[in-house]
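Only heavy atoms go into these numbers, but all of them, side chains included; no hydrogens, no water, no symmetry mates. So that the names make sense, note that chain A is the first sequence line, chain B the second, and so on, each numbered from 1.
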Amino acid sequence: MALPPEFYDRDALEVAYALIGCRVRHAGVTLRITEVEAYRAGDTANHARVGRTARNAPMWGPPGHAYVYLCYGMHHLLNFVTGPEGEAAAVLMRGGEPVEGLDLVRERRRGRDGPTLCDGPGKVAAALALTTAQSGSRLDGPLEVLPRAEEPSLIVGPRIGIGYALPADQAAPWRVALAGSPWVGHRRGLRPLPPSPGAGPAQGFASPTGSAAIT
DNA sequence: ACAAGGATCCTCT
DNA sequence: GAGGATCCTTGTT
């Protein structure tokens with residue numbers, strides 16, 4: 001059974017922690033999630049920093065939906081919309097391990113093989129055959145996310161490719177990965193997740209100035 | 001209508 | 001480690 005919308009109705013970082021080890025299924029392929037990044041409300045790395053637009057509209061909608069967009073004119077990237085409706089936040093899937101439909105994945109990844117099949121966000125969407133056509137879709141339909149069986153061991157680090165964001169947001173350890181997994185790219189900068197207190201996600205994340213521009 | 005830049009991937013050095 | 005591919009989205013004229 002797919003995870004219910006309520007699963008996603010909390011802070012994006014909490015959802016990011018909870019998604020590692022879960023499975024994503026679409027078009028004959030299932031991937032175990034090994035790497036994600038949280039894009040929170042009020043985050044200057046978040047596409048929603050410019051307010052609501054046609055592209056990022058799914059992020060402002062209810063939780064439990066997909067936000068898929070085209071990056072660099074070539075690559076599609078899959079996000080899971082989190083938090084309440086009206087607040088724009090999401091979790092980007094950056095890596096996965098094929099557990100079903102490996103032949104399809106090889107095909108969609110142009111005959112490649114091994115751990116580099118799905119160790120980047122563009123590769124993940126390619127493996128799952130996702131495009132902007134799926135942006136806004138529910139996550140309990142043809143595209144679905146299934147719960148994990150065991151508590152994974154997590155490692156965290158700064159997010160990739162967000163040099164345009166404020167320094168504090170660039171440095172925030174909101175990238176989350178499965179410890180020891182070969183299905184994770186850019187290993188440098190990842191370290192074990194510290195125990196509960198400290199950089200925990202549950203406590204207040206004060207949104208910086210001017211987050212919500214409703215147009 | 002125009003210009004700038006991007007939550008990347010691949011190849012080559 | 002560096003650079004090109006490639007085109008949509010966004011903000012500006």
Measure [atom1]/[X] against [atom2]/[N] and give the value in whole Å, please.
X: A/Tyr67; N: C/dC8; atom1: OH; atom2: C1'; answer: 11 Å
X: A/His76; N: C/dT6; atom1: NE2; atom2: P; answer: 15 Å
X: A/Arg159; N: B/dG6; atom1: CZ; atom2: P; answer: 15 Å
X: A/Ile162; N: B/dT8; atom1: CD1; atom2: C1'; answer: 15 Å
X: A/Asn56; N: B/dA7; atom1: CG; atom2: P; answer: 12 Å
X: A/Tyr72; N: B/dA4; atom1: OH; atom2: P; answer: 17 Å
X: A/Leu77; N: C/dT6; atom1: CG; atom2: P; answer: 18 Å
X: A/Tyr164; N: B/dT8; atom1: OH; atom2: C1'; answer: 12 Å

Which nucleotide in the list [options] gets nearest to the side chain of [X]?
X: A/Arg55; options: B/dT8, C/dT9, B/dG6; value: C/dT9
X: A/Tyr39; options: C/dT10, B/dA7, B/dT8; value: B/dA7
X: A/Leu70; options: B/dA7, C/dC8, C/dG11; value: C/dC8
X: A/Arg188; options: B/dC9, C/dG1, B/dT8; value: C/dG1
X: A/Met74; options: B/dC9, C/dT6, B/dC10; value: C/dT6

Cation over ring face, A/Arg40 and A/Trp174, 6.0 Å, 45°: yes

Pairwise distance CG(A/Leu31) to CG(A/Leu117) - rounded to 0.5 angstrom: 9.5 Å

OP1 or OP2 of [N] under 4.0 Å from side-chain N/O of [X]:
X: A/Arg112; N: B/dC9; result: no
X: A/His47; N: B/dA7; result: yes
X: A/Arg109; N: B/dC10; result: yes
X: A/Thr53; N: C/dT10; result: yes

DNA chain B: 5'-proximal contact among A/Ile160 and A/Thr116 (nearest heavy atom): A/Ile160

Verdict with reasoning, A/Phe80 to A/Val15, per side chain to side chain contact (heavy atoms under 4.5 Å, CB included): CA-CA 9 Å; A/Phe80 310 104; A/Val15 177; 5.6 Å; no

Charged N-O contact under 4.0 Å between A/Asp43 and A/Arg159: yes

With sequence neighbours excluded, residues passing salt bridge (Lys or Arg N to Asp or Glu O under 4.0 Å) with A/Glu107: none

Structure string for DNA chain C in dot-bracket form, Watson-Crick and G-U at under 3.5 Å, | interchain: |||||.||||||.

Sugar-phosphate only, base, or nothing, as touched by A/Arg110 at under 4.0 Å among non-hydrogen atoms: nothing

Sugar-phosphate only, base, or nothing, as touched by A/Thr132 at under 4.0 Å among non-hydrogen atoms: nothing

Distance-only polar pair, side chains of A/Tyr39 and A/Glu37, donor-acceptor under 3.5 Å: yes

Cluster overlap A/Leu178 with A/Tyr17, hydrophobic side-chain contacts below 4.5 Å: yes

Centroid-centroid under 6.0 Å between A/Tyr69 and A/His47 rings: yes

